[in-house]
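Letters go in sequence order (proteins before strands), and every chain restarts at 1.
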Number of protein chains: 2
Amino acid sequence: MVTSRDVARAAGVSQSTVSYVMSGRRSISEETRRRVLAAIEELTYQPNAGARALASQRTQVIGLVVRFRPGADTTGLLPFIETIAGCARAEDHDVLLVTADEGSEGLTRLAGRALCDAIVMMDIEAADPRIPVAAALRVPVILIGVPDDNAGLHCVDVDFAAAGRLAVGEAAAAGHERIVVIGHAPDVVTRGINFVHRFEEGAAEAARSHGVALEMVSPVEPNRAGAEAAVAEALHRGGPRTGLVVPNSPAVQPVLQALLDRRLVPGRDVTLVGLCTDAVAEASTPAVTNVSLEPRDVSRRAMQILFRLLDRAAEPPAELVELIPPRLTRRETTLPAP
Amino acid sequence: MVTSRDVARAAGVSQSTVSYVMSGRRSISEETRRRVLAAIEELTYQPNAGARALASQRTQVIGLVVRFRPGADTTGLLPFIETIAGCARAEDHDVLLVTADEGSEGLTRLAGRALCDAIVMMDIEAADPRIPVAAALRVPVILIGVPDDNAGLHCVDVDFAAAGRLAVGEAAAAGHERIVVIGHAPDVVTRGINFVHRFEEGAAEAARSHGVALEMVSPVEPNRAGAEAAVAEALHRGGPRTGLVVPNSPAVQPVLQALLDRRLVPGRDVTLVGLCTDAVAEASTPAVTNVSLEPRDVSRRAMQILFRLLDRAAEPPAELVELIPPRLTRRETTLPAP
DNA sequence: CTGTTAGCGCGTTCAG
DNA sequence: CTGAACGCGCTAACAG
């Protein structure tokens, strides 16, 4: 292992000078600076992370707590992880992965052992028992998702109420006087994720202001059978001129299929608005009008806030809860306006 | 922050005794041992990771290098990550995530900065430029995937040749005298992933030994249009009594749909064998006869080997390349034997 | 502008 | 069986 002392020797300076050249925390003459950098290059020196962490009290590591839901909608997880890792690297930080099945213990370990400088937590439940633990840690924490009580922690999430308003507004504008929301998956509902309720509130508000009837079929298993049953129920209740809103991303495709099976072509006979990523919306035939969740925007904003919290100079954002506005994209499953 | 000195003071022993109680590297009287453990509990002491790494030259961290393929078959990635994280925690290690777009630089950083004790690399290409770099690192590396030249590194992967033999064998046993492989995705082919070739060799071998004709439609985009085109091509060439083998996991569902669109029911009119996880195979209607990739088994084995390499006492496995046998599960898309 | 020095918290050798 | 003392490699305060 090559140390900063080796570099110092090679450059004919003291070890601390090497340190200062790397950190730039004090001015160095151009001449010595070049010699040190040359020696670093020559010896391919890299600072020892443990020693640096011990001396500086900073690990340059972000802890990321993720839930690998068993068999469920894990597809949506990767864009988050990817974006978080990218943002971390952009600030010369690394990402330490902790699975949520460790529970609060994972959090106390991350902070207690000084494994990381800050923590990102995903999959926040309404009454998440980890929240009070997270709030008591000596490192900043940011939540992706909004619990009932954020205990003073910063949160970022999609504005699901706005998503509900957008989706129902789109169906109403297409002339539907009756709109059915084909609801979330059973595990999401039972786990008590807040966005279910927030979406429904937004949907209800839009229905009121547009003067249309709103019904709900929930929960819905995101598979063929579940979608088939839900569509049957929705059409039974509302008749063929019903507009459908599907806030359950993996159910979008099966619902589409169930409609086609009944010779109902979305965009010709019925309006279908999905709550899903643009990629999912574009992948199906016909392409689904969707309200996008923008996981990358959410993650990016979360990391921005996190690094702001890590920067002792910068002021942290005043608002604890930030809701990212979703975006509606009209594709082929919206009925032409009447 | 509470240190081991604080614990020592509270327990009325020296700091080194605390260290020995924790590591168990020398015998401690039951009495002092209890006092120390009580103090640890009392103060909720946790060892500082940086200090420990510095003193012990071990970080208790596994570096994991993953590729987030843009938009492609990322679903399959999570079981790997999940299993690797789980295995690491079972040995009191954590996982540091590095994205493959950092290339070789990510590897040298992991090792050079002493960020981890060992590295797992996924998505290995046939002529992966990172292999020689990885082989020169001062930490053990295990590859999930097999490159053309492993440069002395341990590799674990599914036995894709066996998978090819199983899949074609199944279709042949169902009475098909003509079998078409609906091939891999374009990006997989162009990226030069070894398993494409290995699968095809196994398929060819089984075709020979069963005396059936084998053809290939490749590459195939894993979406509706790609599957439709591929099925058209396959049936055009081979006629309706063609058996289909789909080694491209995300294409299985679209191919199934394309067949149904033509009123060809797999299991009644034609045999369809997919190369995909059991979850994917069971999710579709009808459930697809599949050769399972068992990502969890592969990951688990990789971690076993990695910890063996980290254990200076243990002998590393003699075989550098380990191929995990896949498993065929007959479901509803196999024609009854003639 | 640079060198010297004192820790950071823990693992481990050496005395006892 | 236990304690004192040293050093891991680096940062940062202090001294010139």
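Residues B:S56 and B:Q15 each lie close to DNA chain D; by heavy-atom proximity, the contact nearer the 5' end of the strand is made by B:Q15. When the nearest nucleotides of DNA chain D are assigned to A:M22 and A:R26 by heavy-atom distance, the more 5′-ward of the two goes with A:M22.
On a pure distance criterion of 3.5 Å, a polar donor-acceptor pair joins the side chain of B:Y20 and the base of C:dT13. A donor-acceptor contact under 3.5 Å is not formed by the side chain of A:R5 with the base of C:dG3.
Taking 4.0 Å as the cutoff to heavy atoms of chain B, we find the contact window on DNA chain D bounded by D:dC1 to D:dG9.
Looking at heavy-atom distances under 4.0 Å, A:S23 makes no contact with the nucleic acid at all. Counting non-hydrogen atoms under 4.0 angstrom, A:S16 reaches a base of the nucleic acid. Nucleic acid contact for A:V13: sugar-phosphate only, since backbone atoms but no base atoms lie under 4.0 Å from a heavy atom of the residue. Across all strands, A:R25 comes closer than 4.0 Å only to sugar-phosphate atoms, never to a base (heavy-atom distances).
A salt bridge links B:E102 with B:R109: the closest approach of a Lys/Arg side-chain nitrogen to an acidic carboxylate oxygen falls below 4.0 angstrom.
An angle of 40°, rounded to 10°, separates the two end axes of the helix from C:dC1-D:dG16 to C:dG16-D:dC1, each defined over five pairs.
One atom, CG of A:N48, and another, P of C:dG9, lie 17 Å apart when rounded to the nearest Å.
Listed pair B:R52 / C:dG11 meets the phosphate criterion, a side-chain N or O lying under 4.0 Å from OP1 or OP2.
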